[in-house]
Protein chains: 2
Amino acid sequence: MQPTIYDVAKQAGVSIATVSKVVNNKGRIGEQTKKKVIAIMKELNYQPNAFAAALTGKSTQTIGVIIPDLANPYFAELAKCLEDEAHKMGFSLMICSTDNNSEKEETYINLFIRKKVDGCILASTLSNPQLVTELAIQYMPVVLAGQAILEKDLPAVSVHDQQGGYIATTHLTALGHQRIAIIMEPKAFSSLERLKGYKKALKEAGLIYDENLVMTADATLTGGADAFRLFVDMEQPPTAIFACNDVLAIGVCQEAHRASIHIPDELSIIGFDNTILASVTSPPLTTVAQPLREMSRQMITTLLTSSNEKRGNQQFVFEPQLVNRQSTAKLN
Amino acid sequence: MQPTIYDVAKQAGVSIATVSKVVNNKGRIGEQTKKKVIAIMKELNYQPNAFAAALTGKSTQTIGVIIPDLANPYFAELAKCLEDEAHKMGFSLMICSTDNNSEKEETYINLFIRKKVDGCILASTLSNPQLVTELAIQYMPVVLAGQAILEKDLPAVSVHDQQGGYIATTHLTALGHQRIAIIMEPKAFSSLERLKGYKKALKEAGLIYDENLVMTADATLTGGADAFRLFVDMEQPPTAIFACNDVLAIGVCQEAHRASIHIPDELSIIGFDNTILASVTSPPLTTVAQPLREMSRQMITTLLTSSNEKRGNQQFVFEPQLVNRQSTAKLN
DNA sequence: TTGAAAGCGCTAACAG
DNA sequence: CTGTTAGCGCTTTCAA
């Protein structure tokens, strides 16, 4: 059995209160006793039971994170950044991947409540938005990641998705493309915003919005490939595609390659997120970058400060940036 | 404040013991009372406090996972698979990324102890192996991931790394390569094993082992690129490179491309892990696959059963498999 | 500077 | 079938 505070106290010949004080470095204790207690703790390999501590009101120093898919490099990178930032602040993460499965979402949220995490970061667009509000009101601070406007009254940090969609599409129109398709993710708030930017760019370029050119696909390689096939089978296929994330974009690249359609000469494609994938493909993927590191930092600090005091509702929006590589080219 | 079992009991006009029983579905309770209590729980949005429960001896249904780098697609995929399997068994994960930083490793291990996770999976080769033994003996079940033989007396699941290294190298020798380099990861047990397989394959092919051809680099794109540069600067550069993981392999591919060295015609390269990256590059990367899904399942079940009964020490070794794509070619 | 004791929310005998 | 009660390990007044 693991040693408890009682074991340490007994060994050291002091009371548990004293041990507690040295553990937490609180109150006044004599140098002598302090040293002795510390020695005993080492000897017994004592680790305070976080539960017992939490029960009496201490924080658990844990942050819950809900993301749709850890295997998507974008979210893996997000998770890593969050982990780094949290660790700097002395917090650890409970990372949960939901696969956009609403049952899992609910399970995990309840888990967070039961485990008394100090707050949570929601990077999935939950199927049940009411759950989020409830969570935030009744239980713990919440920050939304990448879904700025969904819940107007909740702290959120994201890129300016609309702007991102606009940048991407404008890049394509500037290259002379007229039939530009878009592939969105299902249920993702960010995709909706990016679509708005897409429309705006189209309009500015004097192009008309064609519903046939918008498709929805799961954020996987095969999702992108499937969407691609639907596009090429059209009577009038697009000459450029804006995929709402890199994985989708690369899915179409691969399928295009299989179909012997050359990128970017015959088809331009632009992604979003600037994940490691984008730098690695051939041709390297033109994409839109998010300042993940800064965003992560902001998420953590926002979460941690909003737990102290609700200082008005906070929405942080970061600027996306075009990363021009070689998967897009002038229409010829 | 969140409702406690007392609130529910009061509202329902019963004792806390009764509520506890319905929560845990234990003991005998009248249909009437049961219904009533359930209704009240819903109404109050009651979630039992996991800490209080854990304090009285109940399991936390949590598994700790330590991996070196979440941003490496291999580990991200591992984490995702583990998450899936754990979820099926009603467990959740506490994922920690250490960056091979020994201070972090220790912090996280202590965290696991304090948070009373039910067991942990170690996918990093910890700098302090004694810590692992201590953890396993004094505190909780441990399973080693990808480091089968490190601690002979600990449950472990991994691919047959030596075999993997052998397969990879043999593939190269069969293509006629005579100067074959290897890039290892620092501090990784698996790399050491793969090196053994490499040596064995060399020997079988009648080639001599040349220490100059073995290099160590961090598992990043730049790590791979750096190693590549050192190789090409040699008087007698290798004609093929076996990188101990895909990220490294792709790092060298990219740098080779920059140096206008054509792959596979001028240089063959083979990776390890068969991550999403391997399928996405151009040329697609020849690599060695691990059956991640099955391995993850084994890790979870091993961990969970070994917590019940120590039934002898368990080592599970899975077979690696060559995935022949287009980054390797006959020496000409 | 130290210790006694109450209480955090829950479970598990044990009584009724 | 239901309730009483004694802890689980720790923090925190409050006295000494």
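For clarity, every value in this text was computed on a predicted model and none was experimentally measured. Note on naming: letters A, B, ... go to the chains in the order of the sequence lines (proteins, then strands), and numbering restarts at 1 for each one.
Residues passing the side chain to side chain contact (heavy atoms under 4.5 Å, CB included) test with Ser190(A), sequence neighbours excluded: Asp161(A), Ala188(A), Arg194(A). Applying the side chain to side chain contact (heavy atoms under 4.5 Å, CB included) criterion to Leu55(A), with sequence neighbours excluded, gives Asn49(B), Ala52(B), Leu55(B). A search for ring-ring contact (aromatic ring centres under 6.0 Å, His included) contacts involving Tyr108(A) returns His87(B), not counting sequence neighbours. Under the ring-ring contact (aromatic ring centres under 6.0 Å, His included) criterion, Phe75(A) pairs with no residue, sequence neighbours left out. Taking Glu105(B) as the reference, Ser127(B) meet the side-chain hydrogen bond (donor to acceptor under 3.5 Å, both in side chains) condition, with sequence neighbours excluded.
Lys26(B) places its NZ atom 15 Å from the P atom of dC10(C), with the value rounded to the nearest Å. When rounded to the nearest whole Å, the span between CG of Asn25(A) and C1' of dT11(D) equals 15 Å. In this structure, Lys10(A) places its NZ atom 12 Å from P of dG9(D), rounding to the nearest Å. Rounded to a whole Å, the CE atom of Met41(B) is 15 Å from the C1' atom of dG9(C). Computed from coordinates, the Tyr6(A) OH to dT11(D) P distance equals 11 Å when rounded to whole Å. Separating the NZ atom of Lys115(A) from the P atom of dC10(C) is a distance of 15 Å, rounded to the nearest angstrom. Distance Ile5(B) CD1 to dT5(D) C1': 14 Å, rounded to the nearest Å.
For the contact set between residues 45-63 of chain A and DNA chain C, defined by any heavy atom under 4.0 Å, the members are Leu55(A), Thr56(A).
Listed by first and then second residue, the salt bridge (charged side-chain N to carboxylate O under 4.0 Å, His left out) pairs involving residues 290-306 of chain B are Asp84(B)-Arg293(B), Glu85(B)-Arg293(B), Glu85(B)-Arg297(B) (not counting sequence neighbours). Applying the ring-ring contact (aromatic ring centres under 6.0 Å, His included) test to pairs two or more places apart or on separate chains, none has a residue in residues 110-147 of chain A. Listed by first and then second residue, the salt bridge (charged side-chain N to carboxylate O under 4.0 Å, His left out) pairs that reach into residues 58-69 of chain B are Lys80(A)-Asp69(B), sequence neighbours excluded.
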Enumerate, atom names and distances included, each donor-acceptor pair closer than 3.5 Å involving a side-chain atom of residues 35-47 of chain B, sequence neighbours excluded.
unit_1   : atom_1 : unit_2    : atom_2 : d
Asn45(B) : ND2    : Glu134(A) : OE1    : 3.2
Gln47(B) : OE1    : Arg114(A) : NH1    : 3.0
Gln47(B) : NE2    : Asn110(A) : OD1    : 2.7

Could you write out each protein N or O paired with an N or O of nucleotides 1-3 of chain C at a distance under 3.5 Å?
unit_1 : atom_1 : unit_2   : atom_2 : d
dT1(C) : O3'    : Gly30(A) : N      : 3.4
dT2(C) : OP1    : Thr33(A) : OG1    : 2.7
dT2(C) : OP2    : Gly30(A) : N      : 2.6
dT2(C) : OP2    : Thr33(A) : OG1    : 3.1
dG3(C) : OP2    : Ser15(A) : N      : 2.9
dG3(C) : OP2    : Ser15(A) : OG     : 3.3
dG3(C) : OP2    : Thr18(A) : OG1    : 2.6
dG3(C) : O6     : Lys21(A) : NZ     : 2.9

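The rotation axes computed at either terminus of the helix from dT1(C)-dA16(D) to dG16(C)-dC1(D) lie 40° apart, taking five pairs at each end and rounding to 10 degrees.
Nearest heavy-atom pair, Met94(A) versus Leu93(B), reported as atom, atom and distance to 0.1 Å: CE-O, 3.7 Å.
Contact of the Gln147(B) side chain with the Leu154(B) side chain is not registered, since no non-hydrogen atoms from C-beta on lie closer than 4.5 Å.
As judged by a 4.0 angstrom heavy-atom cut-off over every strand, Ser20(A) is placed among the base-contacting residues.
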